[in-house]
Structures are given as structure tokens and as C-alpha cells.
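What follows is a set of notes on a single structure, which appears directly below.
In this text, all values refer to a predicted model and were calculated from it rather than measured experimentally. Here, residue 1 is the first one in the sequence, and each next residue gets the next number. All values below were derived from every heavy atom in this structure, side-chain atoms included, with hydrogens, water molecules and symmetry-related copies excluded.
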Amino acid sequence: MTAAGDRFLAAAGSLGVEPAVRRFPQGTKTAADAAVAIGCEIGQIVKSLVFMADGRPLLALTSGANRADVTRLAELAGAVEVRRATPEEAREATGFAVGGTPPFGHPGPLRVLVDRDVLVHDEVWAAAGTPDSVFPLSPQDLLRVSGGRVADLKEPV
């Protein structure tokens, strides 16, 4: 494992989680890549997206089938301005690189919102600290370990 993978496993252990990490050398950076590699529906992929809400980091755990609505995120965060974090801001906030950000194990507390559409699945897959690793968990466990609040996050169609 890498240093990021080791930090992920240590954080998982502290939360009482024993993740069945799967690694894919071809990478799982996008939801579509991850779904193909795993053999699941794209909606079962949890995208860990970092935004800056009035300069403060916000983690949106969204269904791989959805795009996050920044207007809705601003409303939920009580922020005037919400934008995607730069890769540097995302790493600073989460301790992990974009594409490998897990739903927990960050250096400090983060505001976390969980896309309601994630809850319709029995099992979802999230990043395990590196862009080529993922792990399965139930949506209920995702809520528990992330400390997230459920909300409607997707862009209107």
C-alpha cells in the first residue's frame, strides 16, 4: 500500500471498519472507470467532490450518475459562493489526492453532504485513499463513517 492507502486503513480501523479494498492498476479516477472496473452500476459509485463554500471546504459525496448542483450546495451550506476546490485545496482539506479521496480519514472535521440518490443501493463503492483503489460499504455505513447529512445534491435534468 501507499502512504495514502495506509492512512486510509488506519482511519478505517479507528472507525471500526474493515474495508475490502480492491485495487485496479488501470485506475478508477472517474465514476465511469470505477463502475466498469468493479462491474457495478455507475450510480453505486460514490464520488468524493471537494468544494469551497465561502472559502471553507465542503465534501459532497454524490452518486456517480449525478452532477452536483453548486447552487443547491450553496443553499445547503448557507454560502454565498461555492466552487470546485482546486486539486491543492482538495488535498489540503482531505489529505488525499483528487480521484482517491475517501469519505473519512481527513486531517480535520469537514462539512459532508451525502447525495440522497446514494441511499437507493444496497452497496456502494467509495475511494480508498488512492486513485486506483475502492472499497464497498452500505449507504448506512457511508453515512455513519462520513458523518454526512443526506440532501438532494444533483443538478436538475
Side-chain angles (χ1 to χ4, degrees), residues 2-5 7-12 14-17 19 27-35 41-121 123-157:
T2 64
R7 280 188 290 115
F8 164 77
L9 290 174
S14 72
L15 292 167
V17 175
T28 55
K29 283 188 178 183
T30 69
D33 291 343
E41 295 176 28
I42 194 167
Q44 290 179 267
I45 302 301
V46 176
K47 296 187 294 189
S48 296
L49 305 175
V50 181
F51 292 87
M52 299 303 289
D54 290 342
R56 293 180 45 222
L58 168 70
L59 180 62
L61 301 176
T62 64
S63 165
N66 296 341
R67 289 180 52 96
D69 182 345
V70 292
T71 302
R72 180 74 176 128
L73 290 173
E75 180 183 304
L76 291 164
V80 174
E81 178 190 58
V82 171
R83 64 172 174 78
R84 284 292 288 267
T86 65
E88 295 78 20
E89 290 169 328
R91 183 184 286 276
E92 184 177 328
T94 68
F96 296 92
V98 171
T101 304
F104 57 82
H106 313 123
L110 284 177
R111 291 180 294 172
V112 179
L113 297 172
V114 178
D115 186 352
R116 186 174 309 284
D117 288 354
V118 169
L119 304 179
V120 303
H121 301 283
E123 179 179 74
V124 294
W125 293 79
T130 66
D132 68 350
S133 62
V134 293
F135 72 105
L137 72 168
S138 72
Q140 295 73 27
D141 282 341
L142 177 67
L143 286 172
R144 180 181 64 80
V145 298
S146 70
R149 185 177 102 212
V150 177
D152 293 316
L153 304 180
K154 70 181 171 187
E155 279 186 346
V157 182

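- Under the 3.5 Å distance criterion, the side-chain polar atoms of D54 are matched with a main-chain donor or acceptor of E81.
- A donor-acceptor pair is defined here as one N or O able to donate and one able to accept, closer than 3.5 Å; no such pair exists between the side chain of Q44 and the backbone of W125.
- For the pair K47 (side chain) and N66 (backbone), a donor-acceptor distance under 3.5 Å is present.
- Note that NE2 of H121 is 13.0 Å distant from OG of S138, once rounded to the nearest 0.5 Å.
- Note on R72 versus E75: salt bridge recorded, some NZ/NE/NH1/NH2 to OD/OE distance being below 4.0 Å.
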*Determine, stepwise, if the pair D69 / D152 fulfils side-chain contact (heavy atoms from CB on, under 4.5 Å).*
CA-CA 9 Å; D69 182 345; D152 293 316; over 6 Å; no

*Any chance you could lay out the side-chain contact (heavy atoms from CB on, under 4.5 Å) test for V118 and V46, step after step, and finish with the verdict?*
CA-CA 7 Å; V118 169; V46 176; 4.2 Å; yes

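- For the salt bridge (charged side-chain N to carboxylate O under 4.0 Å, His left out) test, residues two or more places apart in sequence or in another chain that qualify with R67 are E155.
- Remark: side-chain polar atoms of T94 are not paired, donor with acceptor, to backbone N or O of T101 under 3.5 angstrom.
- Between A34 and I45, the shortest heavy-atom distance links the atoms CB-CD1, 3.7 Å.
- For R83, the CZ atom is densely surrounded, since the number of other residues' heavy atoms within 6.0 Å is greater than 12.
- Listed for the R7 side chain is a donor-acceptor partner under 3.5 Å among the backbone atoms of G95.
- Across all their heavy atoms, G129 and A4 have their closest contact at O-CB, 3.3 Å.
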